[in-house]
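All values derive from a computational prediction rather than experimental measurement. Order of appearance sets the numbers: ligands from 1, and atoms from 1 within every ligand.
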Amino acid sequence: MASNVALDITSIRKDFPILHQQVNGKPLIYFDNAATSQKPNEVIDAISDYYNRYNSNIHRGAHHLAQLATEAYEDARQTIASHINANVREINFVRGTTEAINLVASTYGRQHVKAGDNIIISEMEHHSNIVPWQMLCEQKGATLRVIPINDTGEIILEKYLELLDEKTKLVSIAYISNALGTEHPVREIIRHAHNKGAVVFIDGAQAIQHKQIDVRELDCDFLGFSGHKAFGPTGIGVLYGKEQLLTAMPPYMGGGEMIKTVSFKGTTYNDLPYKFEAGTPHIEGGIGLGAAFRYMQKIGLENIDAQEQKLLQYATKKIKELPEVTLVGTASKKSSVLSFLVKDIHPYDIGVLLNEQGIAIRTGHHCCQPLMERFNIEGTCRASFAFYNTTEEIDLFLAALQRAIKMLG
Ligand code: PLP
């Protein structure tokens, strides 16, 4: 699809069968897209096609089904590689963002981080982008340094520059915050880290489905993302790494596929990307993820982003008219996440009452407890939009929210 065209949302919604159902007697309004996205028919069909026609283990198979499955799996890798402007050796299939981060922490991290070094993250990271680095720092006697954020939910860049030094080995930062929607200035963050000789991991879990990412232009050293947040299956994701870094890294897990030769005298490891793909992979997951990327390309990331920005602006303006509501996270650059509090009402109670009206939002700490601590709150209500959502759904959500406030107030 050409870029910058208004999407035909009615027709797009037909691609997502799950959206057409009633929940508690009301049409489902799905505003929990930051937790996981819904899947278009193309993805569902690609998975069922694999099971219906060519289910087989991949690589080294002489027979027809194995060849079909291998081709489809490797095609998916190629689709994803081209999409982010990487080469296929740089696309490692993993379970998701969490595994991508753990892989880098356990390989590159263990190899390069020494006692006295430091790793930098931000106060706004998902637990998956905190705990693996914390564990690595504990093992190595290194320090985890945390970039503070301001009251609008933006990283304070000057503080980042103060934290960066020659002992910084790694900076790991989300492109977009799942809890507040803030888009971080990742290009600047990467440039400054590189000036100090540190490598940068970009947590792309909330970015790959909203933005056209070009890893060469971005110049990140690693990028991780999860298929299920990008209209693909669960249990599959990608770790991108610059080829020279991946080549020099030790393997993560041992087993089949990641070996070249095995003998009791010693084992030699396979070439990229198989070196990091031990065991039978998530074959239908990879194939489904390839279909999800082709679907995003068909709609166009620019069109997706434009529609979601329209929804975000509409919802932000309207929700600000409710005196009981306080927005948490008002950064100038945001993706389609609306985090909010309602007076002294517990977010969970709001979530339950909205569910009774067919509306799915998420409540709680969103796996960002340090961020909640920063704002001195336990959690928020979070509505997160995808391009298949509509302004009519936002109106219904706000009306339902007002009813909930009345009941609880
Ligand atoms: N990082 C961010 C910013 C996320 O939003 C999430 C999931 O919500 C993750 C990491 C972890 O992703 P997964 O659970 O798919 O591994």
Side-chain angles (χ1 to χ4, degrees), residues 30-39 43 80 92-106 119 121-135 146-147 149 153-155 170-186 189 200-211 213 220 222-240 252 276 282 285-286 288-289 292 308 328-329 331 333-339 360-372 374 379-380 382-386:
Y30 186 76
F31 283 172
D32 196 16
N33 294 286
T36 202
S37 62
Q38 298 304 348
K39 323 301 171 199
V43 171
I80 296 162
N92 306 275
F93 281 125
V94 291
R95 278 188 297 149
T97 313
T98 305
E99 189 173 59
I101 297 169
N102 276 279
L103 193 161
V104 173
S106 303
I119 293 172
I121 59 169
S122 89
E123 209 171 7
M124 212 183 313
E125 299 309 313
H126 188 281
H127 296 162
S128 293
N129 197 25
I130 299 175
V131 183
W133 306 121
Q134 242 174 0
M135 288 161 64
V146 183
I147 315 166
I149 61 164
E154 291 168 334
I155 275 176
L170 226 145
V171 176
S172 190
I173 207 95
Y175 197 136
I176 289 172
S177 153
N178 62 306
L180 305 185
T182 309
E183 183 182 329
H184 297 308
V186 282
I189 289 170
V200 182
F201 187 107
I202 296 295
D203 170 351
Q206 298 292 339
I208 197 76
Q209 65 279 49
H210 302 297
K211 310 210 83 63
I213 295 181
C220 56
F222 299 104
L223 169 77
F225 55 85
S226 305
H228 69 98
K229 294 184 196 283
F231 319 108
T234 50
I236 186 86
V238 165
L239 166 68
Y240 155 82
Y252 178 47
F276 295 107
H282 185 8
L289 189 55
E308 290 170 347
V328 185
K333 271 186 113 178
K334 276 185 68 173
S335 85
S336 48
V337 168
L338 207 60
S339 246
I361 65 157
R362 188 143 297 246
T363 64
H365 54 60
H366 316 300
C367 294
C368 291
Q369 282 182 333
L371 176 70
M372 298 300 135
R374 156 68 178 79
T380 70
R382 182 187 72 184
S384 52
F385 314 119

For residues [X] and [Y], determine if any side-chain heavy atom of one lies less than 4.5 Å from a side-chain heavy atom of the other.
| X | Y | value |
| --- | --- | --- |
| Ile149 | Leu371 | yes |
| Phe222 | Ile202 | no |
| Val94 | Phe276 | no |
| Glu183 | Tyr175 | yes |

Under 4.0 Å to a heavy atom of [X] - the qualifying atoms of ligand 1, by number:
| X | value |
| --- | --- |
| Thr98 | 11 (C), 12 (O), 13 (P), 14 (O), 16 (O) |
| Ser226 | 12 (O), 13 (P), 15 (O), 16 (O) |
| His228 | 15 (O) |

* Is the side chain of His126 donor-acceptor paired with the backbone N or O of Ser128 at a distance under 3.5 Å, no angle test? -> yes
* Asked: Got a donor-acceptor contact below 3.5 angstrom from the Lys229 side chain to the Ile208 backbone?
  ->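 Such a contact is absent between Lys229 side chain and Ile208 backbone.
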* To do: Looking only at distances, please establish whether an N/O atom of ligand 1 is found under 3.5 Å from an N/O atom of Lys229.
  =>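 It does: an N or O of Lys229 is found under 3.5 Å from an N or O of ligand 1.
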* For Cys367, is the nearest heavy atom under 4.0 Å from an atom of ligand 1? -> no
Can you pull out the closest protein heavy atom to [atom]? Residue, atom name and distance to 0.1 Å, please.
| atom | result |
| --- | --- |
| atom 10 (C) of ligand 1 | Asp203 OD2, 3.4 Å |
| atom 5 (O) of ligand 1 | Gln206 NE2, 2.8 Å |
| atom 4 (C) of ligand 1 | His126 CD2, 3.3 Å |

